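Contents: one structure, followed by commentary.
Keep in mind that what you see is a predicted model, and the values were worked out from it rather than measured. So that the names make sense, note that chain A is the first sequence line, chain B the second, and so on, each numbered from 1.
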There are 2 protein chains.
Amino acid sequence: MLISQANDYAVRSLIYIVKNSQYKKIFTTKEVAEKLKISRIFLAKIFQKLANKGLINSMKGVKGGVMIIKDTDKITLYDIFEAVDGIPVLRKCIYNRKICSLNYDCGMNKFFNKTQKLLENELKKVTIVNLAKKSNY
Amino acid sequence: MLISQANDYAVRSLIYIVKNSQYKKIFTTKEVAEKLKISRIFLAKIFQKLANKGLINSMKGVKGGVMIIKDTDKITLYDIFEAVDGIPVLRKCIYNRKICSLNYDCGMNKFFNKTQKLLENELKKVTIVNLAKKSNY
DNA sequence: CCAAAATAGGATTAAATTAGTCTTGTTTTA
DNA sequence: TAAAACAAGACTAATTTAATCCTATTTTGG
Ligand code: FES
Ligand code: FES
């Protein structure tokens, strides 16, 4: 599967936050993990990565938690995936001996490069507000 | 990575066969494996699968080997992937508890369904003769 | 007719990747 | 100053993917 669990959790968490931020902006990992029924410490790791890339801000201490800081209709799937587990790639090759054992272009590269771009474009089209609207939670 | 090693080997093997079938039609696993520098027995497995799906024919015995039987400009990446390791899927979910722990639509499903179709269309566009022409081997 | 060269197919193992946890530390607030 | 939070790196577990092994069966040439 192309989309890793962590990438997926990240998106869902942000959707959760967006859909619940009328009354508050700061959410603890605990709350989000419980609501989405995922591991708290795994989610903490994910939030760390999102924070490092400046999508969210995280605050330590008793009243701490995370808060989305990037404009929510500018956060795309591309941004999130890039921050968490990296943009998923269809096929690594481009004469990389370790992967394809060839040292010439077998013909697939052009195709995969093109399709990869197509996929990335799609990822860039979808924003988190977009998804939040579609989510029927 | 979305495209498995086996799917990839399959494509490359068929390209090899297409590019070398002016003088003969039957190729042994040994020959192809050596030329592409991949494992003979692993490739044998791959050919089995292609044979089971009717893309190639395989003949036992001393003068045996495999032969492409489906019209080479009708064999697409889609066909090959489907035969070998299955069509790669971007993200399995659709409320599958084992995968997403949710039981509602988080909003990503619509997007992934659409993008999956897009990808599959691309796979259906590319034929093996197509690739063979582009290969610079 | 039998040895050698092929494929067939199921079982198994090995390697690599991905998912998740642990441990220790720091910050913040009541 | 204790409790509740996040930080970060090391580590482990689980899963998936890649590859091999083993035991047939088929075919053909000598
Ligand atoms: S897979 Fe390496 S050149 Fe095509
Ligand atoms: S990942 Fe399961 S509903 Fe979205």
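Atom CE of A:Met59 is separated from atom C1' of D:dA7 by 14 Å (rounded to the nearest Å). Residue B:Leu43 contributes atom CG, which lies 12 Å from atom C1' of C:dT7 at whole-angstrom precision. Across the protein-nucleic acid pair, A:Ile46 atom CD1 and C:dG20 atom C1' stand 10 Å apart, rounded to whole Å. Distance, A:Asn57 CG to D:dA5 P: 17 Å, rounded to whole Å. If you take CZ of A:Arg91 and P of D:dT17, they are 13 Å apart, rounded to a whole angstrom. We find that CZ of B:Phe47 is positioned 15 Å from P of D:dA19, with the value rounded to whole Å. Computed from coordinates, the B:Lys63 NZ to D:dT27 C1' distance equals 11 Å when rounded to whole Å. Atom P of nucleotide D:dC6 and atom CZ of A:Arg40 are separated by 8 Å, given to the nearest angstrom.
Using a 4.0 Å cut-off between charged side-chain N and carboxylate O, B:Asp85 and B:Lys49 make a salt bridge. Under 4.0 Å is where a charged nitrogen must lie from a carboxylate oxygen, and between A:Glu34 and A:Arg40 no such pair does.
Residue B:Tyr9 places no side-chain N or O under 4.0 Å from the OP1 or OP2 atom of D:dA18. Note on A:Ser39: a side-chain N or O is less than 4.0 Å away from OP1 or OP2 of C:dT21.
Closest to the side chain of B:Lys60, from the set C:dG25, C:dA5, D:dT26, is D:dT26. Checked against D:dT27, D:dC6, C:dT21, the side chain of A:Phe42 finds its nearest nucleotide in C:dT21. When distances are taken from the side chain of A:Gln5 to each of C:dA19, D:dA5, C:dA6, the shortest belongs to C:dA19. Listed nucleotides C:dT7, D:dA8, C:dT28 differ in distance to A:Gln48; the shortest reach to its side chain belongs to D:dA8. Nearest to the side-chain atoms of A:Ser58 among the listed nucleotides D:dA7, D:dT28, D:dA8 stands D:dA7. When each of C:dC22, C:dT29, C:dT7 is scored by its nearest atom to the side-chain atoms of A:Lys45, the top-ranked nucleotide is C:dC22. Of the listed nucleotides (D:dA7, D:dC6, C:dT28), D:dC6 has the atom at the smallest distance from the side chain of A:Thr28.
If you check distances only, the side chain of B:Lys49 never reaches the base of C:dG9 with a donor-acceptor pair under 3.5 Å.
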Check against side chain to side chain contact (heavy atoms under 4.5 Å, CB included), B:Ile56 and B:Leu14: CA-CA 9 Å; B:Ile56 65 177; B:Leu14 293 181; 3.9 Å; yes
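For B:Lys30, the NZ atom sits in a loose shell: 12 or fewer heavy atoms of surrounding residues, nucleotides or ligands are nearer than 6.0 Å.
Here the closest non-hydrogen pair linking B:Val84 and B:Ala10 is CG2-CB, 3.6 Å.
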